[in-house]
Amino acid sequence: MSNQVIVDADRCKGCGICPSVCPKGCLRIGTEINLQGYEHVEVVPGSVCIACGMCVLACPEPRALTIVKHTEEEKSCTSA
Ligand code: SF4
Ligand code: SF4
């Protein structure tokens, strides 16, 4: 299983910071409007998150982004 970045769309204000800092191009501003009235960020299909944490560090909105990091240890556990 690969790393995952999870977007809580309704906490995002669509500021565009996280797409600009992601070194792997995993994030983009979409066209759907969230409950706050913003076009929120979304995960780019097929992108590969390296769980660097840059997006979470840069985001000004608490808990808008969450990184789920999968280690080699977890991989061997799930495949056993
Ligand atoms: S953790 Fe790093 S690679 Fe993954 S989406 Fe955030 S900035 Fe991009
Ligand atoms: S940095 Fe945070 S508020 Fe800004 S677009 Fe990304 S998730 Fe949304």
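Order of listing sets the numbers, starting from 1, for every ligand and every atom in it. Quick caveat: nothing in here was measured; it's all calculated off a predicted structure. We number each residue from 1, following the sequence as shown.
- Within the model, atoms CD of E61 and CD of Q36 stand 7.0 Å from one another, a figure rounded to the nearest 0.5 Å.
- Look at C59 and atom 6 (Fe) of ligand 2: no N/O/S atom of the residue is under 2.8 Å from the metal.
- Shortest contact from atom 8 (Fe) of ligand 2 to any protein heavy atom: C12 SG, 2.3 Å.
- Rounding to the nearest 0.5 Å places CZ of R28 at 12.5 Å from SG of C22.
- Linking ILVMFWY residues whenever their side-chain heavy atoms come closer than 4.5 Å, directly or via other members, leaves V56 and M54 in distinct clusters.
- Nearest to atom 2 (Fe) of ligand 1 among the protein's heavy atoms is C52 SG, 2.3 Å.
- Taking 4.5 Å as the limit, every side-chain heavy atom of V44 sits out of range of all side-chain heavy atoms of P19.
- Within ligand 1, counting atoms from 1 as listed, the ones closer than 4.0 Å to a heavy atom of P23 are 7 (S).
- Within ligand 1, counting atoms from 1 as listed, the ones closer than 4.0 Å to a heavy atom of C22 are 3 (S), 5 (S), 7 (S), 8 (Fe).
- For ligand 2 and C15, the ligand atoms under 4.0 Å from any heavy atom of the residue are 1 (S), 3 (S), 4 (Fe), 5 (S).
- Under the 4.5 Å side-chain heavy-atom criterion for Ile, Leu, Val, Met, Phe, Trp and Tyr, Y38 and I29 are members of distinct hydrophobic clusters.
- Counting all heavy atoms, side chain and backbone alike, D10 lies closest to L35 at OD1-N, 3.0 Å.
- The distance from ligand 1 to the heavy atoms of C55 drops below 4.0 Å at these ligand atoms: 1 (S), 5 (S), 6 (Fe), 7 (S).
- Set against the non-hydrogen atoms of E61, the atoms of ligand 2 under 4.0 Å away are 3 (S).
- When non-hydrogen atoms are compared, ligand 1 lies under 4.0 Å from the side chain of C26 (C-beta onward) but not from its backbone.
- Between Q4 and H70 there is a side-chain heavy-atom pair separated by less than 4.5 Å.
- Atom SG in C18 sits 5.0 Å away from atom CG in L65 (nearest 0.5 Å).
- Nearest-residue assignment for atom 3 (S) of ligand 2 (options R11, K13, R63; heavy-atom criterion): K13.
- Taking 4.0 Å as the cut-off, G14 counts as a neighbour of ligand 2 on heavy-atom distance.
- Near C18, the atoms of ligand 2 lying under 4.0 angstrom from a non-hydrogen atom of the residue are 1 (S), 5 (S), 6 (Fe), 7 (S).
- Protein heavy atom closest to atom 4 (Fe) of ligand 1, with residue, atom name and distance, is C49 SG, 2.4 Å.
- At least one side-chain heavy atom of E39 sits under 4.5 Å from a side-chain heavy atom of I33.
- Here the straight-line distance linking atom CG of L27 with atom CD1 of I17 works out to 12.5 Å at 0.5 Å rounding.
- Side-chain contact between L57 and V21 is absent, with no heavy atoms from C-beta onward closer than 4.5 Å.
- Close contacts between ligand 2 and L65 involve ligand atoms 7 (S) [criterion: under 4.0 Å to a heavy atom].
- Judged by the shortest distance from any of its heavy atoms, V21 lies outside the 4.0 Å radius around the atoms of ligand 1.
- Remark: ligand 2 atoms within the under-4.0 Å shell around heavy atoms of G16 are 4 (Fe), 5 (S).
- Only the side chain of V5 comes within 4.0 Å of ligand 1, judged by heavy-atom distances.
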